[in-house]
Amino acid sequence: MDSKNVSWTGGGAQEEPPAPSQRLSRQQILTMIAMSSINFSSMICYSILAPFFPSEAKKKGVNQTMIGLIFGWYALFVLVGSLLLGKYVSSSSLNVTQCTRPSTLPGVTVVLSYFQIVQIGAKTMIILGIFVSAVCTILFGLLDRAAAGTQFIVLCFVIRSVNAVGFAAAMTASFAILAKVFPNNIATVLGFMEIFTGLGLILGPPIGGWLYQAFGYEIPFIVLGCLLFLMVPFNIWLLPSQDAYPTGDSFFRLCAIGKIPIICFVVLTLSSGLGFLDATLSIFAIEKFSLSPGSVGLLMIGLSLPYAAASPIFGILSDKYPSARKWMMVSGGMGTAVSFCLLGPVPVIGVSGQLWLTIVMLVVIGFSLCMTAIPTFAEMLICAHENGFEEGLSTLGLVSGLFSAVWSCGMFVGPTFGSYITQKYNFEYASACQGGLTFLAASLQGIYSLYDLHRRRSTQASEPVTDDPAQPGDRTPLLSSFHSSRSL
């Protein structure tokens, strides 16, 4: 399917940005339903660990640093999986109707190797990824039967590793499909999808904490693993067909674009902050405020609720005012940095820690993270197109793979080093370090944005026209919309 035939408006006019239609096609509606279900179910399964797993792991003789490494290990394998799968997410010559039954591709449900990935498409990658995650979620719920110490730790690492590969497959392919089906409004659609990501993060901790208190360690994982199993036939039916062709571009060429590494650093600091809170906040809240695991789950709603609520707003603003994206990232990063320093708070400012202050800072962090995160994918995508990357599902796979990989890198760095600093010093200093890292990323983004603004203004009069009037239909509405609305 040609990318210019899959758009919000269905048109190809190049003179002005096409006005978005309020009517969605059947393909777009089914895609949004499918991706919403994937985001919600994946995030609720991921977030159930935070309220009770750190304390449960301590009972098994695991120290704080190792707990952080267990959380980070998942992200490390998502990183590896995203880099591998993103390159080949669209390298399929098969039509989706040829691969809607996973049983026709034996072995791919367990081993997502290079050669198998080349043979399957984005839809099949999503289905297999959900299936693998469902199996691993249930297996993780059986770990309370493992012996304390080395056996428990090793099994945690193994199951989390395989689960991460499945998650990477589903998320990387879903990003690419969304950008393919909604070329003109990717930030708005991603903002809408983040509502369901936020809902999963909102409901996961309290549901996980309540099920743990009521039924023990195993039931939360079994219940939510079964939820993921239900997503397999659901998405086999819902997901639309997508055809694509292999790309000759690479991650190395993409990362060589000057703006991309800075955006990647911003993304890394965002995810490292979330990973840090996953691994350390529950123990800090239990020890400092004497909260139960169920109450810790409710506390974490303060982070995920504002994120979910603000996502569609920032998505619409990002698409409506493309030139404001970089400043949204800077402002959100600064707000996140200050909030992390006050979360503990850091002892040097002389403010004592209070439960109400922790809740307020979690709310601000959730809001600021949303402001920073929503524009990043659209910025990376238009930057790739501006630098000669082809406009199709192959490039979308590269960008989504890089985005997922960097996000996962942060999810490894945050809990691993954050837990180490927490164990060596305390949560307050570890949170301040996370705030400092975020401040550095926001500062670099601001400096580069000012430099880029000056450079563009100084060369605006001499810039060559990028559109070819003789072939107006060769460029997708996505790139045309971004170019025509760029007003620096």
Side-chain angles (χ1 to χ4, degrees), residues 32 35-36 39-40 42-44 46-47 50 171 174-175 178-179 182 185-205 263-278 281 299-322 324-340 342-343 358-381 400 403-404 406-408 410-411 414 434-435 437-439 441-442 445-446:
M32 291 184 71
M35 296 305 151
S36 298
N39 279 20
F40 176 77
S42 298
M43 287 300 102
I44 198 172
Y46 172 81
S47 61
M171 289 297 102
S174 65
F175 266 112
L178 276 176
F182 297 93
N185 303 77
I186 181 59
T188 300
V189 173
L190 287 179
F192 179 79
M193 292 295 106
E194 288 303 299
I195 295 177
F196 296 91
T197 298
L199 285 176
L201 294 175
I202 289 170
L203 297 177
I263 298 177
C264 287
F265 186 39
V266 172
V267 173
L268 184 145
T269 60
L270 298 179
S271 58
S272 67
L274 291 174
F276 164 74
L277 293 175
D278 282 340
L281 181 62
L299 176 66
M300 290 183 170
I301 293 179
L303 175 68
S304 49
L305 182 59
Y307 183 93
S311 292
I313 299 174
F314 286 123
I316 293 172
L317 290 175
S318 178
D319 274 334
K320 190 172 183 180
Y321 306 104
R325 290 192 191 109
K326 54 183 65 67
W327 306 114
M328 290 170 61
M329 288 189 278
V330 173
S331 301
M334 291 297 180
T336 304
V338 173
S339 300
F340 267 111
L342 294 175
L343 183 63
T358 300
I359 295 174
V360 171
M361 289 303 103
L362 286 174
V363 170
V364 177
I365 288 173
F367 183 84
S368 300
L369 283 176
C370 178
M371 182 187 295
T372 310
I374 293 299
T376 53
F377 184 80
E379 278 290 286
M380 293 174 68
L381 184 59
S400 63
F403 182 91
S404 299
V406 174
W407 184 274
S408 302
M411 292 295 285
Q434 178 61 46
L437 185 66
T438 307
F439 178 81
Q445 175 66 34

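Computed from heavy atoms alone, side chains included, the values below leave out hydrogens, waters and symmetry copies.
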Any donor-acceptor pair under 3.5 Å from Arg325 side chain to Pro375 backbone:
no
Partners passing ring pair (Phe, Tyr, Trp, His ring centres under 6.0 Å) against Phe340 (at least two apart in sequence or in another chain):
none
Side chains of Met329 and Met371, heavy atoms from C-beta outward: is any pair under 4.5 Å?
no
Are Phe40 and Leu203 packed together at the side-chain level, in the sense that at least one heavy-atom pair is separated by less than 4.5 angstrom?
yes
CG/Leu362 to OH/Tyr307 distance, rounded to the nearest 0.5 angstrom?
15.5 Å
Kindly write out the residues that satisfy side chain to side chain contact (heavy atoms under 4.5 Å, CB included) with Ser36, not counting sequence neighbours, or none if the list is empty.
Phe192, Met193, Phe196
Quick check: does any side chain N or O of Ser331 sit under 3.5 Å from a backbone N or O of Met328, one acting as donor and the other as acceptor?
no
Taking the side chain as everything from C-beta on, heavy atoms only, tell me whether Leu303 gets closer than 4.5 Å to Val363.
no
Applying side chain to side chain contact (heavy atoms under 4.5 Å, CB included), name anything that partners Leu317, two or more places apart in sequence or on another chain.
Ile313, Phe314, Tyr321
Got a sec, which residues hit side chain to side chain donor-acceptor pair (under 3.5 Å) with Ser272, two or more places apart in sequence or on another chain?
Gln434
Checking the side chain of Ser368 only, and the main-chain atoms of Ile365 only, is there a donor and an acceptor separated by less than 3.5 Å?
no
Side-chain contact test, heavy atoms from C-beta onward, threshold under 4.5 Å: evaluate it for Glu379 versus Ser318 and give yes or no.
no
Do side-chain atoms of Thr376 reach the backbone of Val267 as a donor and acceptor pair under 3.5 angstrom?
no
Between atom CG of Leu281 and atom CG of Leu274, what is the distance when rounded to the nearest 0.5 Å?
11.5 Å
Determine yes or no for a side-chain-to-main-chain donor-acceptor pair under 3.5 angstrom, with Thr438 supplying the side chain and Ala337 the backbone.
no
